[in-house]
Amino acid sequence: MSDLHSDISHDQHAVRRQKLAELRAAGFDPFRANVTPTHFSADAKALYVEGQDYAQVVTVAGRLVTFRVQGGSSFVKIQDQQGPIQLYFRRDVLGEERYGVFKKSLDLGDIIGVTGALFKTKTGEITVRVDAFTLVCKALRPLPEKFHGLSDPEIIYRQRYLDVIMNAESRARLMTRSRIVSHIRRFLEAQSFIEVETPVLEATAGGAAARPFKTHHNALNADFVLRIATELRLKRMLVGGFDRVFEIGRIFRNEGVSRRHNPEFTMLEVYQAYSDYRGMMTLIRDMLTTLVRDVIKPADGSLKIMHAASGQEIDFGGEWREVKYKDLIREATGDADWFARSKADKIAKAEAMGLSINPAWEEFEITNEIFSKQIEPTLIQPTFVTHLPKELCPLAKITADDPTTIDVFELTIGGMEVAPAYSEQNDPDVQRQMFEAQAGEEKQNIDHDFLLALEHGMPPAGGMGVGIDRLCILLTGAESIRDVILFPQLRPGA
RNA sequence: GGGUCGAUAGCUCAAUGGUAGAGCAGCGUCCUUUUAAGUCGUUGGUUCUGGGUUCGAAUCCCAGUCGACCCA
């Protein structure tokens, strides 16, 4: 290795390959080795009894993330899914030969298994004194730098495995997402909801207004689209007598990518027969307060979480305001007769409020621009915005005392729409008329097979959608949807 | 789609038209309770790609690739 022409000491990849070759030449191949851990790191540490050093023997395994060699003894740390645990290697315990293998053949990033007894160091860290170790995977590439971690966003997203090895906050945030989804499943199952799976490949993209991805099935020689919602399939199950159903499913929308949008995202949709939008209020409030209580667990025992974007605390334990969409518009415009104004007056007023209005928009779209730009971002505390204009969604029941609105709410938290819910339209004739009356960007494709299902009879029901990614942004304090999705969509790399 | 910013050693970053550097990692020493361990020495560059300007380009100009942010 000291020959000038073959010096590879500057090339970490080559050095590691050489170490692997030397191990194999000595009769040991790490890629044919394995280990049977008895505990994960945190569970192992929990076994330690104060004052009883070397009483408990464990086998743990993980990736080498710190390496501190000091002559005849060394401290290293490995990391598994529960986090790091410190190991103590000693020449006088392992013997000259094995200690030499430890020092010469192992690198940061390697995966090892060790067996040894728990003790507490003089600085108070519970540590495994290693009696035996096995290299079970040689990392041929070096880890990013230990102190600054990994900060290049492109590597963080494209090589997420490096991010979650190096950045504890990323690891914690993405694990929280798993716990959130798990909590939602258990919460709904405890209330007799049935989880179902419906097709991703659809003949018609229904249930929402969005551009779909298109694909083709060769054997059927038919074009398909990827679903943009699960709503119409789940309602068919209500027709079929599955009275409480939900799906946590991937949705695909062929639209822009931004801090708030990924082309594929996860949506919970839940439908409950013999309920309505008011029943959904109770359901979502219980779901979110238990989520904060059991998963996020605010340190002070409250149900408050910090909302970085607004600098405010969001209190899930406070009163959840309920307010009609029209009242919010009247309040924001300062015009009690807003909905009676002409389109020209609406445009003038909206532009005076600093909005840029497309003259081709329908009147409800002008009004909704005010809602999404001027009102929604200010709704930080949990707020049920109710009774939206009927043009915004064709799938809900018309309000009994106001034929221009529908029996729905949009739950808004932290300035973001988190969960829309409806009293679901189950009159097949009204449903058909509402589909046909759709206009502007809200226009949905008509799914005739769905209308056929409605004619067979769907029980009255409440339904709700929850954007899981946005909920995770809110609850984990993430800045971007990319930070709560393991592998966010990027342009294919070079 | 438009605008702004960015890409330099494995990673995190310097170098403001004049010899491309540092810390960590790596390699070679010393070190048996460390916590970004310490210590002495040391290797390592297609400065994103392709053109152009210039005596001379990481640096200036043009085009492209990828990313971030803002806007639509």
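Values in this document were obtained by computation on a predicted structure and should not be read as measured data. Proteins get letters first, then strands, A, B, ... in listed order; numbering begins at 1 in each.
- Taking the nucleotide of RNA chain B with the nearest heavy atom to each of A:Gln12 and A:Pro153, the more 5' of the two is matched to A:Gln12.
- Residue A:Arg158 has a polar side-chain atom (N or O) positioned under 4.0 Å from OP1 or OP2 of B:G67.
- Using a 4.0 Å cut-off between a side-chain N of Lys or Arg and a carboxylate O of Asp or Glu, A:Glu202 and A:Arg227 do not qualify as a salt bridge.
- Taking only side-chain nitrogens and oxygens, A:Arg90 never comes nearer than 4.0 Å to OP1 or OP2 of B:U32.
- Distance alone, capped at 3.5 Å, places no donor-acceptor pair between the A:Asn167 side chain and the A:Glu169 backbone.
- Of the side-chain N and O atoms in A:Lys19, one or more sit less than 4.0 angstrom from OP1 or OP2 of B:C27.
- Residue A:Arg141 has no polar side-chain atom (N or O) positioned under 4.0 Å from OP1 or OP2 of B:C11.
- Between A:Lys77 and A:Val257, it is A:Lys77 whose nearest contact on RNA chain B lies nearer the 5' terminus.
- Look at B:G1: its Watson-Crick or wobble partner, with both distances under 3.5 angstrom, is B:C71.
- Among the nucleotides B:A36, B:C69, B:C31, the one closest to any side-chain atom of A:Arg259 is B:C69.
- Looking at the side chain of A:Pro144, the nearest of the listed nucleotides B:A25, B:C11, B:G67 is B:C11.
- Residue pairs that meet the side-chain hydrogen bond (donor to acceptor under 3.5 Å, both in side chains) test with at least one member in residues 50-61 of chain A, sequence neighbours left out, are A:Tyr48-A:Asp53, A:Glu50-A:Lys120, A:Thr59-A:Thr115.
- Regarding contacts with the backbone of B:A68, every side-chain N or O of A:Ser480 stays at 4.0 angstrom or more from both OP1 and OP2.
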